[in-house]
Peer 1: 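Encoded as structure tokens, here's the structure I'll be asking about.
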Amino acid sequence: MKKFKRHLVTSALPYANGPVHIGHLAGVYIPSDIYTRYLRLRGEDVISVCGSDEHGVPITIKARAEGVTPQDIVDKYHGMIKEAFKGLGIAFDIYSRTTSPTHYKTASDFFRTLYDKGEFTEQVSMQYFDPEANQFLADRYITGTCPHCSNEAAYGDQCEKCGSTLSPTDLLNPRSAISGAVPVMKETKHWYLPLERHEPFLREWILEGHKEWKANVYGQCKSWLDLGLQPRAVSRDLDWGIPVPVEGAQGKVLYVWFDAPIGYISATKELTPEWEKYWKDPETKMVHFIGKDNIVFHCIVFPAMLRAHGEYNLPENVPANEFLNLEGDKISTSRNWAVWLHEYLEEFPGKQDVLRYALCANAPETKDNDFTWKEFQTRNNNELVAVLGNFVNRAMVLTHKYFEGKVPQPGALTDYDRETLAELPPLKASLEDNVENFRFREALKDAMNIARLGNKYLADTEPWKVYKEDPDRVKTILKIALEITANLSIAIEPFLPFTAEKILGMLNTGHFNWERLGASDLMTPGSILGQPALLFDKIEDEVVETQLAKLDANRKANEAANANKNVEAQKELISFDDFGKMDIRVSTILAAERVPKTKKLLKLTIDTGIDKREIVSGIAEYYQPEALIGRQVQVLVNLAPREIKGIQSQGMILMAEEPSGKLVLMGPGEKVTSGAKIG
RNA sequence: GGCGAGAUAGCUCAGCUGGUUAGAGCGUUUGAUUCAUAAUCAAGAGGUCCCGGGUUCAAGUCCCGGUCUCGCUACCA
């Protein structure tokens with residue numbers, strides 16, 4: 001294992017279009033904070049950088065929707081996010097932002113270096129241009145009718161109603177979302193990073209050189225490399241972002257994914273004039289903490305950028321976590337299904353460590369996990385209160401009761417005393433191994449085991465009984481209990497910094513270096529302890545109920561909002577003649593089978609009364625083929641045939657679509673002759 | 001459909017390069033205890049290690065096939 005001189009820890013830049021929630025914390029910021037605090041405690045040279053990611057189209061759209069500037073949006077959320085992190089004790093050395101002047105210059109220079117080295121390719125393409133607003137339109141800024149489901153409010157990149165991935169030219173009746181004008185196609189030039197040039201290197205570097213990466217990370221990289229890398233655009237036609245620093249690039253900015261990771265570099269520059277040694281000296285170990293959605297950027301794209309530049313180190317590891325769910329459902333900002341950090345800090349003052357503990361103990365390290373308020377309560381009451389808080393309190397109260405709060409002078413140790421103390425060094429070793437390999441759940445258990453050890457020691461030695469016959473022996477016992485407490489304060493520091501601080505306050509000692517963990521001479525006999533205070537309070541059922549009720553209220557409010565949103569406005573009036581053109585018949589399904597190599601399609605053979613024919617329909621997700629045979633449905637029989645997956649689909653089966661996207665067949669309420677006209 | 005990751009005790013998870021009776025925490029049962037926030041300590045119960053084949057002296061662990069969950073991707077109304 002290579003030994004490094006210093007460490008650079010980066011945490012994924014939160015996107016400044018919303019606040020931070022528990023999913024972000026469990027996935028990225030709590031692990032990175034534990035890792036950083038651990039290295040600092042060990043006396044390593046380490047810096048931890050992060051900041052807000054403030055460019056990109058979604059921010060401009062949010063700004064437009066709220067009638068403010070993009071700068072207003074990012075100022076608001078950058079402030080909120082920064083405060084919230086600070087409140088939870090996430091100890092970044094710097095929390096910067098990608099709208100900072102340093103970042104503009106850094107990202108701009110970075111692009112220019114790659115440009116001058118010929119690391120980009122240029123490509124001219126046709127793109128929609130808004131003649132009224134006099135600008136090119138990002139995919140997201142073009143609306144029109146979805147070619148698949150006829151939703152009239154589809155975006156240029158996707159239709160949110162049917163979920164189709166679209167390209168702007170797929171849209172029927174495209175409109176500019178800015179001016180409402182009909183956009184025109186116009187030539188535009190963009191720069192691309194040819195990832196395929198770096199493929200041989202990346203293949204060797206990751207697949208051969210970093211087999212130790214987590215399975216999910218390694219697997220996803222391998223999947224991408226095996227599919228073959230494609231050039232990726234690094235510029236966009238947009239007015240919010242960092243201008244492309246090249247002649248003839250007016251109105252173009254760096255694509256947000258290109259500028260964002262450079263934010264790690266800019267933040268380091270703002271932090272220290274010695275930033276280069278953290279980025280360019282091969283003796284620096286760089287680790288990127290991210291969520292699984294960011295694996296490709298951090299393992300393939302950003303390393304390709306750094307390598308193309310030529311001067312920078314590549315990450316040693318990218319410990320990406322999976323996702324955290326909330327009460328059985330995916331966390332969603334737009335559906336307001338989340339526990340927001342800034343709200344938690346307000347509603348649970350002084351309980352930062354409880355959240356840190358719950359999220360670390362249940363972190364989605366190997367697969368998606370579920371956060372429930374019930375479990376949050378259980379972790380607090382049965383582990384923090386009962387095991388950790390209780391042990392510290394016992395040691396403190398007993399010492400105050402028998403020795404007026406003075407650290408007693410121990411006598412000779414028994415074998416059992418020695419055995420107990422001998423358990424500390426192995427716990428230290430295990431904890432270190434776990435943290436250094438990003439197994440924070442296990443590491444936290446190691447730390448908690450010190451408190452368990454302490455509880456067991458007190459139960460076995462029974463100082464409250466022994467005191468009656470042999471008060472001197474109790475001196476030794478309580479000295480050892482206090483040593484265990486002091487050890488505990490060191491071990492939990494990376495995980496529960498607020499609690500560690502409180503324990504040190506009670507012990508009335510200064511900070512201990514990490515290397516002292518495992519020692520049994522941390523407390524000086526004769527020194528005076530502070531007053532015992534409870535480290536954690538029980539969380540009552542009502543608190544859990546309140547939070548669940550709050551989530552439930554959010555869900556209902558959101559469903560109500562969605563119900564309104566999803567009931568489309570009535571279409572324009574048509575004549576009776578128009579209606580008369582449609583020939584809708586009751587038909588009976590005779591046979592049904594899956595269309596091979598598709599997820600949603602069924603091939604149905606139906607009896608329309610007129611004839612027997614085949615229709616392809618996208619209901620495979622909602623209906624089993626066998627269950628359809630014999631069912632009667634409504635069919636638009638005179639719709640022009642269309643070939644789908646090589647099958648002529650002769651007509652359309654009428655269905656109702658739920659807001660969730662679920663499709664429901666519309667059959668007659670009672671048995672009807674096939675071929676009966678509907679109208 | 002393709003790719004990736006998961007599937008182990010009621011719950012949340014460990015089990016690294018295959019090797020004695022499959023582990024931990026929480027929950028549960030019983031007992032002990034009272035210094036402590038009805039906290040603690042001990043003992044017990046609880047597992048066809050997703051299913052089916054195979055390799056091996058030996059498989060939770062390796063190989064093949066399948067099922068289910070999550071994600072990415074393709075197709076698609």
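Only this structure's heavy atoms are used, side chains among them; waters, hydrogens and symmetry mates stay out. Residue numbers start from 1 in every chain, and the chains themselves are labelled A, B, ... in the order their sequence lines are given, proteins ahead of strands.
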Peer 1: Can you tell me, in whole Å, how much space there is between the P of B:C49 and that of B:U21?
Peer 2: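 Approximately 15 Å lies between the P atom of B:C49 and that of B:U21.
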Peer 1: What integer distance in Å separates A:Trp464:CH2 from B:U33:P?
Peer 2: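 Distance, rounded to whole Å: 12 Å.
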Peer 1: Tell me which nucleotide among B:G4, B:U37, B:G71 gets nearest to the side chain of A:Phe536.
Peer 2: B:U37
Peer 1: Within the structure shown, what part of the strands sits under 4.0 Å from A:Arg441 by heavy-atom distance: base, sugar-phosphate, or nothing?
Peer 2: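 Touches sugar-phosphate only.
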Peer 1: Please give the distance between the C1' atoms of B:G18 and B:U56 as a whole number of Å.
Peer 2: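 Per the computed distance, 9 Å lies between those C1' atoms.
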Peer 1: For the P atoms, the ones on B:C64 and on B:G2, what distance do you get once it is rounded to whole angstrom?
Peer 2: 15 Å
Peer 1: Could you give the CG-to-P distance, from A:Leu453 to B:A24, as a whole number of Å?
Peer 2: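 Computing the A:Leu453:CG to B:A24:P distance gives 17 Å.
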Peer 1: For A:Gly530, is there any backbone N or O sitting under 3.5 Å from a side-chain donor or acceptor partner on A:His400?
Peer 2: yes
Peer 1: Which nucleotide in the list B:U34, B:C41, B:U12 gets nearest to the side chain of A:Arg379?
Peer 2: B:U12
Peer 1: In dot-bracket form, 5' to 3', how is RNA chain B paired? Count Watson-Crick and G-U wobble pairs only if both distances fall under 3.5 Å, and write | where the partner sits on another strand.
Peer 2: (((((((..((((.....[...)))).(((((.......))))).....(((((..]....))))))))))))....
Peer 1: Could you check whether any side-chain N or O of A:Ser430 sits under 3.5 Å from a backbone N or O of A:Pro426, counting only pairs where one atom can act as donor and the other as acceptor?
Peer 2: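 Flag not set: sc A:Ser430 to bb A:Pro426 has no pair under 3.5 Å.
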Peer 1: Does A:Lys538 place a side-chain N or O at less than 4.0 Å from the phosphate oxygens OP1/OP2 of B:A39?
Peer 2: yes
Peer 1: Just checking A:Lys465: base, sugar-phosphate only, or nothing, at a heavy-atom cut-off of under 4.0 Å?
Peer 2: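 Touches sugar-phosphate only.
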Peer 1: Give me the atom names and distance for the closest heavy-atom approach of A:Ile331 to A:Ala338.
Peer 2: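 It is CG2-CB, 3.8 Å.
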Peer 1: Find the distance A:Glu212:CD to B:U17:P and express it as a whole number of Å.
Peer 2: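 Result: 14 Å.
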Peer 1: Is any N or O donor-acceptor pair between the side chain of A:Lys367 and the base of B:A5 shorter than 3.5 Å?
Peer 2: no
Peer 1: Charged N to carboxylate O under 4.0 angstrom, A:Asp583 versus A:Arg585?
Peer 2: yes
Peer 1: What's the gap between B:C62 and B:U8 when it is taken at their P atoms, as a whole Å value?
Peer 2: 16 Å
Peer 1: Please measure how far the P atom in B:G23 lies from the corresponding atom in B:A43, and state the result in whole Å.
Peer 2: 14 Å
Peer 1: Taking all atoms of both residues into account, what is the closest heavy-atom pair of A:Pro532 and A:Met396, and its distance?
Peer 2: CB-CB, 3.7 Å
Peer 1: Nearest whole angstrom, please: distance from the C1' of B:U34 to the CG of A:Leu398.
Peer 2: 11 Å
Peer 1: With no hydrogens and no angle check, is any side-chain donor or acceptor of A:Asn381 less than 3.5 Å from a backbone partner on A:Lys538?
Peer 2: no
Peer 1: Can you check the A:Gln220 CD to B:C70 C1' distance for me, whole Å?
Peer 2: 12 Å
Peer 1: Grab the CD-P distance between A:Glu462 and B:A42 for me, whole Å please.
Peer 2: 13 Å
Peer 1: Among B:G6, B:C70, B:U37, which is the nearest nucleotide to the side chain of A:Leu534?
Peer 2: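 Out of B:G6, B:C70, B:U37, the nucleotide with an atom closest to A:Leu534's side chain is B:U37.
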Peer 1: Taking the C1' atom of each, how far is B:U67 from B:U20, in whole Å?
Peer 2: 33 Å
Peer 1: Can you tell me if CH2 on A:Trp224 sees more than 12 non-hydrogen neighbours from other groups inside 6.0 Å?
Peer 2: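 Atom CH2 in A:Trp224 is not packed in, count stays at 12 or less.
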Peer 1: What is the distance, rounded to the nearest whole Å, between atom CG of A:Leu444 and atom P of B:U12?
Peer 2: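 After rounding, the reported distance stands at 18 Å.
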Peer 1: Roughly how far apart, to the nearest Å, are B:U12 and B:C72 at atom C1'?
Peer 2: 26 Å
Peer 1: Classify the nucleic acid contact of A:Lys292 as base, sugar-phosphate or nothing, counting any heavy atom under 4.0 Å across all strands shown.
Peer 2: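 Counting heavy atoms under 4.0 Å across all strands, the contact made by A:Lys292 is with sugar-phosphate only.
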Peer 1: Got a sec? Which of residues 380-394 of chain A come in under 4.0 Å of RNA chain B, heavy atoms?
Peer 2: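 Heavy-atom cutoff 4.0 Å gives A:Asn382, A:Glu383, A:Val385, A:Ala386, A:Asn390, A:Asn393, A:Arg394.
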Peer 1: Would you call the rings of A:Tyr35 and A:Phe438 parallel, tilted or perpendicular if under 30° counts as parallel and over 60° as perpendicular?
Peer 2: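 Answer is tilted, since the angle falls between 30° and 60°.
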Peer 1: Can you tell me if the side-chain N/O atoms of A:Thr366 get under 4.0 Å from OP1 or OP2 in B:A14?
Peer 2: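 True: A:Thr366 side-chain N/O within range (under 4.0 Å) of B:A14 OP1/OP2.
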Peer 1: Checking the side chain of A:Asn317 only, and the main-chain atoms of A:Trp213 only, is there a donor and an acceptor separated by less than 3.5 Å?
Peer 2: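 Answer holds: no.
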Peer 1: Please figure out whether A:Tyr218 or A:Leu458 has its closest RNA chain B nucleotide nearer the 5' end.
Peer 2: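 Counting from the 5' end, the first nearest nucleotide belongs to A:Tyr218.
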Peer 1: Whole angstrom is fine here: how far is it from CD1 in A:Ile450 over to P in B:A24?
Peer 2: 19 Å
Peer 1: Considering every strand and a 4.0 Å limit on heavy-atom distances, what is the contact class for A:Leu535: base, sugar-phosphate, or nothing?
Peer 2: base
Peer 1: Base, sugar-phosphate or nothing for A:Lys211? Non-hydrogen atoms, less than 4.0 Å.
Peer 2: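 It contacts nothing in the nucleic acid.
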Peer 1: Would you mind telling me which of B:U34, B:C26, B:A14 lies closest to the side-chain atoms of A:Arg452?
Peer 2: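 The closest nucleotide is B:C26.
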Peer 1: Given the P atoms of B:U17 and B:G53, what is the spacing between them in whole Å?
Peer 2: 26 Å
Peer 1: Look at the side chain of A:Arg441 and the backbone N and O of A:Ala363, then say whether any donor-acceptor pair between them is shorter than 3.5 Å.
Peer 2: yes
Peer 1: Quick one: on RNA chain B, does A:Phe323 or A:Ala459 contact a more 5' nucleotide (nearest heavy atom)?
Peer 2: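 Checking each residue's closest nucleotide, the 5'-ward one belongs to A:Ala459.
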Peer 1: Is the closest basic N to carboxylate O distance between A:Lys292 and A:Glu322 below 4.0 Å?
Peer 2: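 Counted as a salt bridge, because a side-chain N and a carboxylate O are separated by less than 4.0 Å.
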Peer 1: Let me know which of A:Thr366, A:Asn437, A:Asn321 forms a side chain to side chain donor-acceptor pair (under 3.5 Å) with A:Lys214.
Peer 2: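 Only one of A:Thr366, A:Asn437, A:Asn321 forms a side chain to side chain donor-acceptor pair (under 3.5 Å) with A:Lys214, namely A:Asn321.
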Peer 1: Among the nucleotides B:U33, B:A77, B:A5, which one has an atom lying closest to any side-chain atom of A:Ala215?
Peer 2: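 Looking only at side-chain atoms, A:Ala215 lies closest to B:A5.
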